Amino acid sequence: MKNNKIALLPGLSLFLCFCLLTGTGKLVSRFGGGAPLLALAEFVSFALPLVMLVFSMRDQKKLRKRLQSRRLRKGMLGLTVRLGVTVAVLSLFLNLLIYHLAGLVGADLTAIALDAPQSGLSMGARFAVVVVLSAVMEEVYLRGALFTVHEESVGTSACLIFSGLAFAMLHGSLLNFAGPFLAGIAYAYLTYVSGSVWPAVLAHGVNNLYYVFVLWITDTYAAFGIWSYFAAINALVLLLFLYLTLRELETLLTRGCIPHFEKSAGLYDLWLLVRNPGMLAFVLAFAAKLIMDRVL
């Protein structure tokens, strides 16, 4: 019975998380949003799946170790912040490319960069809910617990890819899929190399803070034609932080501060994670949402 729970509950927790995110998102929109309601929706959507996932774990020692606060190795804090900015800007450009391919050139990308509606929220509320709470809840569940569970059965590379897929699908949109997929892999990698979930939380928070800043500055200075320079400015930021990130990563690799990947069976390991019945239910729910959004 216990082995069946271990095999089934991780996938079911993702299915539950997706259903809660979809349902609470509809409720938040219906009741007009607001910081308390947004915070409650975010907390419930990830706390309940987290409890289910922790219940399925054979050994919780590794999870507790990753949740402990610890002093980061030299250079890890710099890598975390730089990677957070790099992922944020690169994700935006990936979504921009997809929007161009979909023929939605005039759409406002920054408005869908984050799932949580931000209209009507003060800057303090945006920081508390969108930047801090969402980063903590999502990373503790996805990279703290789910990533740790999967490491018990498959290699590192498969876990990284699966983490990206799960994170992208939880966003519930093909138009906003590529950016979260990249971010999910990056945050999982930070968790693996640091042995702690908190660098991923920080990078995720930096990512969300970047989008909050973009939304603020574009709303404030739209009348001054800031959109004419938006792509060029972000391209320069991307090149700078991509260089700084790769340089810091090279330094850490040279020093031997980053652990080697656990051996993986490649696509077969990924298939072992995807074929989970709970995961298949998650995939079907994701497909159903895409169809309903298209029809309605």
Side-chain angles (χ1 to χ4, degrees), residues 2-15 17 49-50 52-68 70 72-73 76 79-80 83 86-87 138-170 177-178 180-201 203-204 245-246 248-250 252-283 286:
K2 181 63 175 176
N3 289 334
N4 291 336
K5 291 178 181 177
I6 292 171
L8 182 62
L9 290 185
L12 279 180
S13 73
L14 276 171
F15 173 69
C17 185
L50 176 63
M52 177 185 289
L53 196 55
V54 171
F55 179 67
S56 74
M57 300 180 74
R58 289 190 292 259
D59 185 359
Q60 298 176 8
K61 291 181 180 179
K62 191 170 185 179
L63 174 60
R64 289 196 294 267
K65 186 177 180 181
R66 280 187 168 165
L67 292 179
Q68 292 175 351
R70 64 176 69 180
L72 296 177
R73 290 188 293 268
M76 188 58 67
L79 175 65
T80 298
L83 184 61
T86 301
V87 167
E138 292 172 21
E139 292 309 312
V140 168
Y141 167 62
L142 287 167
R143 259 64 67 173
L146 190 64
F147 186 72
T148 301
V149 168
H150 289 155
E151 280 185 311
E152 296 176 353
S153 54
V154 300
T156 306
S157 58
C159 289
L160 295 177
I161 295 174
F162 185 86
S163 185
L165 286 172
F167 191 49
M169 290 172 63
L170 285 176
F177 190 93
F181 175 68
L182 171 68
I185 294 176
Y187 303 152
Y189 180 74
L190 278 175
T191 300
Y192 177 74
V193 299
S194 67
S196 171
V197 73
W198 299 112
V201 171
H204 195 155
T245 300
L246 293 177
E248 189 64 51
L249 185 59
E250 180 185 23
L252 292 174
L253 286 169
T254 303
R255 293 176 181 170
C257 297
I258 293 180
H260 295 290
F261 280 9
E262 296 292 333
K263 290 184 178 180
S264 172
L267 292 177
Y268 179 71
D269 268 1
L270 186 60
W271 166 244
L272 291 178
L273 298 178
V274 173
R275 75 177 184 180
N276 180 292
M279 180 61 187
L280 294 178
F282 173 39
V283 172
F286 175 70

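Everything numeric in this text was worked out from a predicted model, so none of it was measured.
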Non-neighbouring partners of Leu246 that pass side chain to side chain contact (heavy atoms under 4.5 Å, CB included), sequence neighbours left out: Leu242

Residues forming a side chain to side chain contact (heavy atoms under 4.5 Å, CB included) with Val54, sequence neighbours excluded: Leu50, Gln60, Leu63

Please name all residues satisfying ring-ring contact (aromatic ring centres under 6.0 Å, His included) with [X], sequence neighbours left out, ordered by chain then number.
{"X": "Phe261", "result": "Tyr192"}
{"X": "Phe282", "result": "Phe18"}
{"X": "Phe167", "result": "His171, His204"}

Compare all side-chain heavy atoms of [X] with those of [Y] and state whether any distance is below 4.5 angstrom.
{"X": "Trp271", "Y": "Leu267", "result": "no"}
{"X": "Asn276", "Y": "Leu12", "result": "no"}
{"X": "Tyr189", "Y": "Thr156", "result": "no"}

Residues in side chain to side chain donor-acceptor pair (under 3.5 Å) with [X], at least two apart?
{"X": "Thr148", "result": "Arg66"}
{"X": "Thr80", "result": "none"}
{"X": "Ser157", "result": "Ser264"}
{"X": "Ser194", "result": "none"}

Donor-acceptor pair, side chain of Asp269 and main chain of Val154, under 3.5 angstrom: no

Over all heavy atoms of both residues, which pair between [X] and [Y] is shortest? Give the atoms and the distance, please.
{"X": "Leu67", "Y": "Trp198", "value": "O-NE1, 2.8 Å"}
{"X": "Leu8", "Y": "Pro277", "value": "CD1-CB, 3.8 Å"}
{"X": "Glu139", "Y": "Val197", "value": "O-CG2, 3.3 Å"}
{"X": "Pro199", "Y": "Leu190", "value": "O-CD1, 3.9 Å"}

List in chain and number order the residues that pass salt bridge (Lys or Arg N to Asp or Glu O under 4.0 Å) with [X], two or more places apart in sequence or in another chain; answer none if no residue qualifies.
{"X": "Lys65", "answer": "none"}
{"X": "Glu138", "answer": "none"}
{"X": "Glu248", "answer": "Arg82"}

Side chain to side chain contact (heavy atoms under 4.5 Å, CB included) partner of Cys159, the single match among Glu262, Glu152, His150: His150

Member of Pro49, Ser163, Cys17, Pro10 meeting the side chain to side chain contact (heavy atoms under 4.5 Å, CB included) criterion with Leu146: Pro10

Distance-only side-chain donor-acceptor flag, Tyr141 / Ser13, under 3.5 Å: yes

Check ion pair Glu151-Lys62 (N to O, under 4.0 angstrom): yes

